[in-house]
Amino acid sequence: MRNVNDRRRALGQHFLRDAAIARGIVDLVAPTTHDLVLEIGPGQGALTGELARRAGRVIALEVDRRLAAELRGRFESVEVIDADARTWDYGTLVAPPGGRVIVLGNLPYSVSKPILMSLVSARRAIGEMALMLQREVAERLAAPPGGKTYGSLSVLTQLYCDVRLALRVPPGAFRPPPQVESAVVHLRVLSAPRVEVPDERRFHTVVRAAFAQRRKTLGNALAGGLGLASDTVRRGLAAAGIDPGRRAETLTIHEFGQVVTRLS
Ligand code: SAM
């Protein structure tokens with residue numbers, strides 16, 4: 001049988017103990033009484049208290065029923081929902097008149113990527129986000145082209161959001177301290193995707209194929225990953241003005257847009 005420590009580890013329960021950092025995270029999105037804030041993984045309430053003081057309405061999703069019950073007792077105004085943040089339907093959120101939908105949370109790191117994917121899929125319902133992540137993941141989200149950290153996660157997030165690496169947080173700010181460093185990203189959802197593409201799903205497929213074999217040239221990675229003849233890929237890349245000998249990590253989002261348009 002799993003003991004309490006195993007359960008805590010599995011749920012990524014590293015609780016923020018630094019009130020100044022908690023305030024700094026909430027300051028990034030500066031909620032007002034007009035806003036609806038959805039908190040992911042409130043835990044023992046380090047961020048929840050600050051949100052309850054400042055936002056008009058706060059909803060919190062917590063998978064640990066014991067913690068959720070404690071929070072209900074402490075914060076009457078917060079709607080604490082027993083839910084898995086990977087599968088909750090963020091598309092149901094509606095901005096209050098004159099206000100924003102803000103998503104904020106110190107995410108459980110082992111499931112941060114599926115949560116991020118659900119949030120990006122529901123982007124039309126969300127205005128801004130402040131998310132604490134494992135530092136490497138935060139750096140990948142915000143990375144510009146040209147380096148090893150730039151990949152499909154960067155391109156597919158930046159297609160829909162302005163992303164800024166806002167705060168670094170050391171392990172000592174949490175109890176128990178995690179074994180990795182943490183960072184907070186601030187995301188503002190764009191009113192339309194950064195580049196116009198004929199088919200967004202195709203854009204995702206092409207970007208994932210381009211980065212799936214990072215060491216290959218773009219031409220070879222796309223031919224292999226998309227199951228296309230090398231000649232077809234070469235012609236498409238030539239029409240987009242892209243050298244097939246380049247690597248995926250050197251392409252801007254706009255260049256990916258050109259590639260997708262020419263390969264569709
Ligand atoms: N926000 C608190 C803080 O900063 O101190 C706690 C953050 S802790 C890193 C992550 C929280 O997410 C824990 O309370 C954990 O129980 C919760 N959690 C883990 N997996 C979850 C999931 N799939 N859906 C919702 N909450 C989850």
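Computation of the quantities below employed the complete heavy-atom set of this structure, encompassing side-chain atoms and omitting hydrogens, waters and symmetry-equivalent molecules. We count ligands from 1, going down the list as the structure has it; atoms in each ligand are counted the same way. What you are looking at is a predicted structure, and each value in this text was computed from that prediction instead of being measured.
Residue E62 holds the heavy atom nearest to atom 14 (O) of ligand 1 of all those in Q13, E39, E62. Around atom 24 (N) of ligand 1, the closest heavy atom drawn from S182, A85, G41, A10 belongs to A85.
Contact annotation: G105 has no heavy atom less than 4.0 Å from any atom of ligand 1. Between H14 and ligand 1 there is a heavy-atom distance shorter than 4.0 Å. Note on ligand 1: R17 sits outside its first shell, no heavy atom being nearer than 4.0 Å.
Between Q44 and ligand 1, not a single N/O pair is under 3.5 Å apart. Residue N106 has at least one nitrogen or oxygen atom sitting less than 3.5 Å from a nitrogen or oxygen atom of ligand 1, judged on distance alone. In terms of N/O distances under 3.5 Å, ligand 1 is not approached by I40.
In this structure, atom 26 (N) of ligand 1 lies nearest to the protein heavy atom V63 N, 3.4 Å.
Comment: R194 engages D162 in a salt bridge, judged by a side-chain N to carboxylate O separation of less than 4.0 angstrom. Under the 4.0 Å criterion applied to side-chain N and carboxylate O atoms, R9 and D6 are assigned as salt-bridge partners.
Considering only heavy atoms from C-beta on, R168 comes within 4.5 Å of E139 through its side chain.
In the hydrophobic clustering of ILVMFWY residues, with side-chain heavy atoms under 4.5 Å counting as a link, V189 and V103 come out together.
Of the options I40, L38, T157, a side chain to side chain contact (heavy atoms under 4.5 Å, CB included) to L119 is made by I40 and by none of the others.
Using cut-offs of 30° and 60° for the angle between ring planes, the H204 and Y160 rings count as tilted.
The ring-ring contact (aromatic ring centres under 6.0 Å, His included) test applied to Y109 returns no partner, not counting sequence neighbours.
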